[in-house]
Amino acid sequence: MSIAAAGFAILAISEGALAQDVSAATQNTPPAAEERLPIAFEADTLEYDQNNDSVTASGNVVLRRDGQSVRADTVTWNRGTGQIVATGDVRVLDRDGNQLFTDRIELTDELKTGAMENMLLALREGGRLAAADGERLPNGDVILNKAAYTGCDVVDSEGCPKKPSWRITAKQVIYSEDRKRISFRGARLELFGAIQLPLLGLTVSTVGQSVSGFLVPDFRLSPSNGVEISETYYWKIAENRDLAATAYAYTKAAPMASLEYRALTGSGAYQITGYATASNRIPIFGSSGNGGENAFRGYVFANGRFQLDENWSVSGSIRRATDRTFLRRYDISRDDRLRSMVAVERIDQDSYFSFAGYATQTLQADRNQGLIPVAFPVMDYRHRYEDPIFGGKIETQLNTLGITRTDGQDTQRAFASAQWSLRKLTPLGQEVTLTGLVRGDVYHSDENAATSTLIYRGDPGWQERGIATAAIDVKWPLVGQIFGGTQVLTPRVQLVASPNLKNLSIPNEDSRALELEDSNLFSLNRFPGYDRIEDGVRFTYGVDWQFERPRWRIKTSVGQSIRLSDKPTLFPDGTGLTNKASDIVGRTEVRYRNFIKVIHRYRVDQNSLAVRRNEFDAVVGNNRTYLELGYIKLNRDIASDIEDLQDREEVRAAGRVAFARYWSLFGSAVVNLTDRSEDPVFGSDGFQPLRTRIGAAYEDDCMQIALTWRRDYEATGDARKGNSFQLRFSLKNIGLK
């Protein structure tokens, strides 16, 4: 018999039997169990063969069940055996969005795949799996023979076939729809159709999730360790926890191992990373511990953050190394200090509270660890109020700090402050801001003589200080048209007054690296931190100019400060604030679309017009091809005994050139141009490369390969200078890096 399908029919399949009343099956009756869910179908024609007890649907056949679908030219259902066979341009779509294309496939009454021929599996995440044939096991898994997998596109932008840059071939592949996994047996990685590498225990997720297994090894050549090969096994413990174990083998050093554990909880996340080995450790100046052969060496890094409720949170980190050259020798990090901390914070709309502690391990060869401070407790509380009288805002602050050194000065500090501010707009458009600040400090310090810089010591014992500051700040934005665009010219003046303070009797722990620049020109206190307060009366003036037109944007600022008192200055020579009239500081930024960005910062001596700070940063290009240039020269002309403010000159460059669609060359360099006349302690000869790097990379839609050469110019302990080479590559959709 032949039936023309005029609409949508429901074929209810239960225990291998066809419902006798098709119209009754169209009643959307909820199934009693999942296996009783009906299969809905559409077709141009439907034929029933009474002799063979089979039903055949032909022409644009679509079967649907529980989020799955099958499309084919012809579908035949044998009522006696329950077998469903789809033929002709078959496409099967599972619940996860993965698509199976084949010429012929056998299906169960739950639309589970059975035997198939010449199939292609297109994963939702972009991977492609092709096989000559396959069959379904009793447990529901599908075994595919003579299979190949790739994460690359197999057609170009015009729809023409193209050869993928990599693929994985395997004698056998097991596809589990329930576990959402594809497991390979006898797999080999084929690159560019020529290079073949064996892969052990490879498993791929069909829904883009991470799975346990080995990652692609990394290769490196360094002067300290020789040839290095590292292999990582990734273990997905649960959906919210994983572990990565890595083994490192070297030709010039003992093996090393590392573990990285990560977890995501209901209130936060944390991770713990550790490295361990036994090798020759060469002591350097200021370091502690024993050297010698087979000394234990390692590094631990752990951090995390937990949100306890809407307002309260806890965060912390631990970074410690057994010695000062471990991280550099094994190329783990180039940091020159490791900071550990813990902090408890509460934040709401009008207040902030923090209780924290910090400890730092120095990795610099010439620093004494005993002079590095441990800060605990560090407490800060702030609350903001609306001014009920004048309509301004009031912010109060309580702050404490305790600093301890095993071989140096100890300092404790506490202060309380209140700041009032009021911002008004005049009828002529001027923006006027009034500010008033009062603060009371209490300090205690001992072993002050251990601080080598005299102006940082302060007087030992108990010290107190009272602070009062008043300021008025006026801006007047003037808007107009010019050069086909819009300009905003904003003159600005500020008057700040504070009584004379006994600053030098107070220890200076957090206000050392001072320099006048555009960012702090109009600050109430140009000193960073809290330990130094700028006193006296000063008048500051400047102007901001901004110009915008299509594709272009220019911003520039320039200004100067003048002290109105003759009291000797607190500022060291070379900071730009020593004289009654300060140096002139400014900043200019030029942008052209997203292609060019240039920033220039400067400070000019107000007497000699010598350039005391000259800094350029420029970026030209797009995401594929770009050039970054940076230059800074700090000509402070300052005494050599103030270590935080020495002269420096440095140039930086980085760039990338893309060519031939997928290829690129990249590189970077940092060169110290400081000579001995500028900083006799640093020891530079005027041209000292610090880091250089050059490499080549290939990157297409599914693969990245990079070969990098790097040269280190300084040797410290067992971290030798010389050339290093590294080869890394990553493959899309199989989690290999």
Qualifying residue, where the test is salt bridge (Lys or Arg N to Asp or Glu O under 4.0 Å) with Asp712 and the options are Arg334, Lys721, Arg328, Arg329 | Arg334
Angle class for the Phe547/Phe483 ring planes (parallel below 30°, perpendicular above 60°, tilted otherwise)?
-> perpendicular
Mind checking salt bridge (Lys or Arg N to Asp or Glu O under 4.0 Å) for Arg652 and listing every partner two or more places apart, or none if nothing turns up?
-> Asp617, Glu650
Classify the angle between the aromatic ring planes of Trp552 and Tyr592 as parallel (below 30°), tilted (30 to 60°) or perpendicular (above 60°).
-> tilted
Will you find, in the side chains of Arg720 and Ser224, an N or O donor that is under 3.5 Å from an N or O acceptor?
-> no
Scan side-chain atoms only and decide if Glu649 and Asn672 contain a donor-acceptor pair under the 3.5 Å cut-off.
-> no
Say whether, by atom type as modelled, one donor and one acceptor occur between the side chain of Thr265 and the main chain of Gly268 under 3.5 angstrom.
-> yes
Does a side chain donor of either Arg319 or Tyr299 reach within less than 3.5 Å of an acceptor in the other side chain?
-> yes
Parallel, tilted or perpendicular, as decided by the 30° and 60° cut-offs, for the rings of Tyr149 and Trp166 | tilted
Phe326 and Tyr330 aromatic ring geometry - parallel, tilted or perpendicular at 30°/60° bounds | tilted
For the pair Glu517 and Arg613, evaluate side chain to side chain contact (heavy atoms under 4.5 Å, CB included) and give the outcome as yes or no after the intermediate values.
-> CA-CA 9 Å; Glu517 53 188 23; Arg613 180 188 185 100; 3.8 Å; yes
Donor-acceptor pair between Asn723 and Trp709 side chains, under 3.5 angstrom = yes
With no hydrogens and no angle check, do the side chains of Arg601 and Ser557 hold a donor and an acceptor under 3.5 Å apart?
-> no
Does a donor on one side chain sit under 3.5 Å from an acceptor on the other, for Thr692 and Tyr713?
-> yes
Over all atoms of both residues, closest heavy-atom pair of Arg624 and Ala658 | NH2-CB, 3.2 Å
Whether Thr246 side chain and Ser258 backbone form a donor-acceptor pair below 3.5 Å = no
Parallel, tilted or perpendicular: ring planes of Tyr275 versus Tyr248, cut at 30 and 60 degrees = tilted
